Enquirer: 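Pasting a structure below so you can have a look.
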Amino acid sequence: MFSSERPDSGKQTGPKFYCLEMFPYPSGRIHMGHVRNYAIGDVIARYKRMRGYNVLHPMGWDSFGLPAENAAIKEGVHPAKWTHENIAYMKKQLIRLGLSYDWSRELATCLPEYYKWNQWFFIKMYEKGLAYRKASFLNWCPSCSTVLANEQVIDGKCWRCDSTVIQKELEQWFLKITDYQQELLEASDGLAGWPQKVVLMQKNWIGRSEGLEAEFRVDGSGEHITVFTTRADTLFGARFICLAPAHPLAEKFADPAALEKIREHYGKLDEKHGLFTGRYAVNPANDEKIPIYVANFVLMEYGTGAIMSVPAHDQRDFEFAQKYGMPVKVVIRPESGGEAPYAMAFEEDGVLVDSGPFTGMKSAEARTKISELIENRGLGRRVVNYRLRDWGISRQRYWGTPIPIIYCERCGAVPVPEKDLPVVLPEDVKFTGKGGSPLAESESFLNTECPSCNGKARRETDTMDTFMDSSWYYVRYCSRKDGPALDKENIGYYMPVDQYVGGVEHAVLHLLYSRFFMRVIRDLGISDVSEPFQRLLTQGMVCMETVRCPEHGWLYPSEAEGEVCAKCGRSVERGRTEKMSKSKRNIVDPDHLINTYGADTARLFSLFAAPPENDLQWSEKGVEGAHRFIQRIWAFVHDNMEKLAPVKGLLPEGRSPLLRKTHQTIMRVTRDIERQYHFNTAIAAMMELVNMLTAFEPSDQEDLRQMRFALERLLLMISPFCPHAAEELWETMGMPSSIQREPWPGYDEEAAKEDEIELVIQVNGKVRTKVMVPQGLSDEELKERAMALSRIQEAVSGKQIKNVFAVKGKLVNIVVK
RNA sequence: GCCGGAGUGGCGGAAUUGGUAGACGCAAGGGACUUAAAAUCCCUCGGGGGCAACCCCGCACGGGUUCGAAUCCCGUCUCCGGCACCA
């Protein structure tokens, strides 16, 4: 009855508005987090449509990834079958919710017609030197038997399965996001439409720091070690040098067996382990000789893979020095005088001591001066370092985009020619969950010819990180699915996304990769846009109380009857309110909710219970309240239709509280939506109008006209929130065409003005009384009226009036002594 | 540890730029309708005092600025989020 489909007109005229919600992983069914996310996006899309924008509002499926493969391993279903069944079901759910998507642009990243373009981008990046292969130590999840990006390691554990991550050396493909780090960082400040906390997280993730690279000559050898430090002011306090276990000189200087031991502790947050190499290095500032160690806590991936250790002023070095009984030399003292603490490193800036010609200088100045000294000696240079690393995209998995590379004995790694794309995933693969890449077992896939010499060759068997899929899908949507994937004109018209809505959990991963990809797309000449997402709204989590039975563990809401467990009758323990999750069983199934209350209620509650960026606490009672509100409007329309039908098309003429309230409500709702999408207060305003409407008793034709006017505006305003009810009631009221085609109602600021205002009178800043006065009195008149009141006379009698303030025509404050 | 953010009734939350604290909803209590229940409707609803008109106290806590502070400043506490051997 209410088709949510908005077929695309194909026209690219008028101002566009691209409204996008993060596409879901097709896990099986949607959850309340999706409902909330998509309800927010849909209100925005519908509102903007009513405001006359040509709205692009697409939806698709982030459909590559581990769960499909795990299902294949567990249940023997092919990932493709599992995925497509899930998509079919979830699409039905989204349609039931009345989300106004243009399904003609639907995409699924697991389809060859989509991932072909992942491969195409990969090859373009390979050609530009932005994709490269290298061996490196990587985070490896033994349980998933795959590589994880740094972002996918949480507290040393795998983000998916929680296994402890280990370090393993592998050949991997990388994308050179670091080529764009400076631009990404600088452009961060321009992201005015983003939550500042997300911008900050990105900046911290990129992690720019300025410092000095200094060369320490290795005594008795032609070698030298370059270290990076942000604290050149502590150079005179360097007591030893530490190399990362993977540093080339570590291998050269250290005993192999002992070095292996150190390597075992690399990348782990445990105790510090060190190994003396027997060599000494020469401090470039004062020619002091200090010992060279290999240490497990020094990162190869950051800076130069070697550090100068200043135990007096760096806690890590301090701990290391303590353990190995090494000397501590203080070179910075607190500026305030006083002694630096002895039991730990003093890491703050201060005044230099014991630092040759720099003694007495402040840290900031000394950093510059000592850096200059090193530069002048030709033993170093000031540099900028970033925390950000290149993006490793290789995954030893089946259900992902094959990396389009062919390995030939003669020609090496050769990209698959564009005309041969896509490299399609083979079907003849067994899912055992053991070993490395499943693709390596498919003979038909593995064996191929070299594109350049036609000799025998084999294919790359790794697939791409799925973040690759989601880094550009918003660009794909710009063109219909039956059209070209990367149409410059379409992209030029729709990009950038005007409003992006999704979870804050993607603050660094997906959003940073997308910003990188957009720039690559720009540099390929496909778009002029650099920033993909103009405005970003990160909605909060959907939370619910947890319930636990001492016997049966976590309980579903339906398993707790009052305070006892439905299974065993023991009294249950009501835990804290947490994000809805299957493991804690504190979930509400959207299907059940829609069956019981309808899609409009599900939407309305999600939007009313909290502002979008806050966490939302689920409450069954609150849902009932939302439902009741819709029912009240429903009943009101039906109860009054007979009276209202004859006044159709007649606009009210007079002034009245109801008419005023109607204009005020339109004003408030418009403002609340425009300003930060405060749907909760917009809905509250509409509730107030309904309260007034239901209390209204019309006595003549004019009253009926006003009633009808108010009701029509109400339905228009609520239609983006509750499209089904609004549409049906619109029809009930005898309107000829769909409410979806109506424009957003306007308001008359004059008509919204109150005739009288409530004047607040304070004495010494405390409210003493309130009185109704006509609108528009001058400050002087207001003061006079206030002073004339007997209450005020009493309050100020016998006291000296020091001053009287009048504020914005609505408040008077009398200051007495 | 470092960097952010937030603390308002029993609860979710309101309160443009400092100017009526608690909109709206939920829960609770009382009442109407009903044989009864549900549904619906009406009233009360931050705390304390007073028969009352009214008064006092209240936005985590302690100070400050101001005629006036939930809002600005300083300090303290608590909670949440991000990063975490990044040299």
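These figures come from a predicted structure and were not determined experimentally. In what follows, chains carry the letters A, B, and so on, assigned in the order in which the sequence lines appear, proteins first and then strands, with residues in each chain numbered from 1.
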Enquirer: What's the gap between G22(B) and A15(B) when it is taken at their P atoms, as a whole Å value?
Expert: 13 Å
Enquirer: So what's C2(B) paired with, Watson-Crick or G-U wobble, going by both distances under 3.5 Å?
Expert: G82(B)
Enquirer: If we call it a pair only when both distances are under 3.5 Å in a Watson-Crick or G-U wobble match, what pairs with A27(B)?
Expert: none
Enquirer: Taking CG from Asp639(A) and C1' from C41(B), how many angstroms apart are they, rounded to a whole number?
Expert: 13 Å
Enquirer: Please determine whether the number of non-hydrogen atoms from other residues, nucleotides or ligands lying under 6.0 Å from atom NZ of Lys753(A) exceeds 12.
Expert: no
Enquirer: Is Val298(A) touching bases, backbone alone, or none of the nucleic acid, heavy atoms closer than 4.0 Å?
Expert: base
Enquirer: Can you check the Met692(A) CE to C24(B) C1' distance for me, whole Å?
Expert: 16 Å
Enquirer: Is the glycosidic torsion of G9(B) within 90° of 0, making it syn, or is it anti?
Expert: syn
Enquirer: Rounded off to whole Å, could you give me the CZ-to-C1' distance for the Arg628(A) and C24(B) pair?
Expert: 13 Å
Enquirer: Side chain of Asn691(A): nearest nucleotide among C24(B), C85(B), C83(B)?
Expert: C24(B)
Enquirer: Heavy atoms under 4.0 Å, any strand shown: does Glu758(A) hit a base, just sugar-phosphate, or nothing?
Expert: base
Enquirer: Tell me the interatomic distance from Gln539(A), atom CD, to G81(B), atom C1', rounded to whole angstroms.
Expert: 15 Å
Enquirer: Heavy atoms only: give me the nearest Ser606(A)-Leu616(A) pair and the separation to one decimal.
Expert: O-CD1, 3.1 Å
Enquirer: Applying side chain to side chain contact (heavy atoms under 4.5 Å, CB included) to His247(A) and Val294(A), what does each step give before you reach the verdict?
Expert: CA-CA 9 Å; His247(A) 195 282; Val294(A) 178; over 6 Å; no
Enquirer: Of the nucleotides U20(B), C26(B), C85(B), which has the atom closest to the Val760(A) side chain?
Expert: U20(B)
Enquirer: Pairing check on U40(B): which nucleotide meets the Watson-Crick or G-U wobble criteria with it, both distances under 3.5 Å?
Expert: A32(B)
Enquirer: Expressed in whole Å, how much space separates the P atoms belonging to A14(B) and G30(B)?
Expert: 31 Å
Enquirer: So, applying ring-ring contact (aromatic ring centres under 6.0 Å, His included) with Phe240(A), which one of Phe216(A), Phe320(A), Tyr324(A) is it?
Expert: Phe320(A)
Enquirer: With the sugar-phosphate defined as primed atoms, P, OP1 and OP2, and the base as all remaining atoms, what B/S/- string results for nucleotides 1-16 of chain B, 5' to 3', for protein heavy atoms under 4.0 Å?
Expert: --SS-------BSSSB
Enquirer: Roughly how far apart, to the nearest Å, are G46(B) and A52(B) at atom C1'?
Expert: 22 Å
Enquirer: Rounding to a whole Å, what distance do you find between Leu811(A):CG and G19(B):C1'?
Expert: 5 Å
Enquirer: Could you walk me through whether Phe605(A) and Tyr597(A) pass the ring pair (Phe, Tyr, Trp, His ring centres under 6.0 Å) check?
Expert: CA-CA 11 Å; Phe605(A) 176 74; Tyr597(A) 299 103; 9.7 Å; no
Enquirer: Report which part of the nucleic acid Lys621(A) touches: base, sugar-phosphate, or nothing (heavy-atom distance under 4.0 Å, all strands).
Expert: sugar-phosphate
Enquirer: Show your reasoning for whether side chain to side chain contact (heavy atoms under 4.5 Å, CB included) applies to Glu613(A) and Gln539(A).
Expert: CA-CA 4 Å; Glu613(A) 61 276 9; Gln539(A) 99 263 2; over 6 Å; no
Enquirer: With heavy atoms under 4.0 Å as the rule, sort Thr230(A) into base, sugar-phosphate or nothing.
Expert: sugar-phosphate
Enquirer: Less than 4.5 Å apart, any side-chain heavy atom of Leu789(A) and any of Thr769(A)?
Expert: yes
Enquirer: Expressed in angstrom and rounded to an integer, what is the separation of Glu620(A) atom CD from G25(B) atom P?
Expert: 19 Å
Enquirer: If we take the C1' atom in both C2(B) and A84(B), what is their distance in whole Å?
Expert: 8 Å
Enquirer: Applying a 3.5 Å limit to both distances, which nucleotide forms a Watson-Crick or G-U wobble pair with U66(B)?
Expert: none
Enquirer: More than 12 heavy atoms of other residues, nucleotides or ligands under 6.0 Å from NZ of Lys329(A): yes or no?
Expert: yes
Enquirer: Give me the distances for all protein-to-nucleotides 65-74 of chain B N/O pairs that come in under 3.5 Å?
Expert:
| residue | atom | partner | partner atom | Å |
| --- | --- | --- | --- | --- |
| C67(B) | O2 | Asn813(A) | ND2 | 2.5 |

Enquirer: Taking the P atom of each, how far is G12(B) from A23(B), in whole Å?
Expert: 15 Å
Enquirer: Hey, which of these two, Ala684(A) or Glu319(A), hits RNA chain B nearer its 5' end, going by closest nucleotide?
Expert: Ala684(A)
Enquirer: Please check the phosphate of C41(B) (OP1 and OP2 only) for any side-chain N or O of Arg632(A) closer than 4.0 Å.
Expert: yes
Enquirer: Please confirm whether the ring centroid of Trp391(A) lies under 6.0 Å from the ring centroid of Phe174(A).
Expert: no
Enquirer: Under 4.0 Å between any heavy atoms, over every strand shown, what does Gly207(A) touch: base, sugar-phosphate, or nothing? Just pick one.
Expert: nothing
Enquirer: Taking the same atom, P, in A27(B) and in A36(B), what whole-Å distance lies between them?
Expert: 24 Å
Enquirer: Find the partner of G7(B): check Watson-Crick (N1-N3 plus N6-O4 or O6-N4) and G-U wobble (N1-O2, O6-N3) distances, both under 3.5 Å, and reply none if neither fits.
Expert: C77(B)
Enquirer: Looking at Arg239(A) and Asp317(A), does any basic side-chain N land under 4.0 Å from a carboxylate oxygen?
Expert: no
Enquirer: Of all the nucleotides listed (U40(B), C24(B), A87(B)), which has the minimum atom distance to the side chain of Phe228(A)?
Expert: A87(B)
Enquirer: When the C1' atoms of C3(B) and U17(B) are compared, how many Å lie between them, rounded to an integer?
Expert: 29 Å
Enquirer: How far does the C1' atom of G18(B) sit from the matching atom of U65(B), given to the nearest Å?
Expert: 12 Å
Enquirer: Which parts of nucleotides 48-59 of chain B does protein reach within less than 4.0 Å, heavy atoms only, written one letter per nucleotide 5' to 3' as B for base, S for sugar-phosphate only and - for none?
Expert: -------SSS--
Enquirer: Between A87(B), C83(B), A27(B), which nucleotide gets closest to the side-chain atoms of Ser209(A)?
Expert: A87(B)
Enquirer: Please report the distance, rounded to the nearest Å, between CD in Gln664(A) and P in C24(B).
Expert: 14 Å
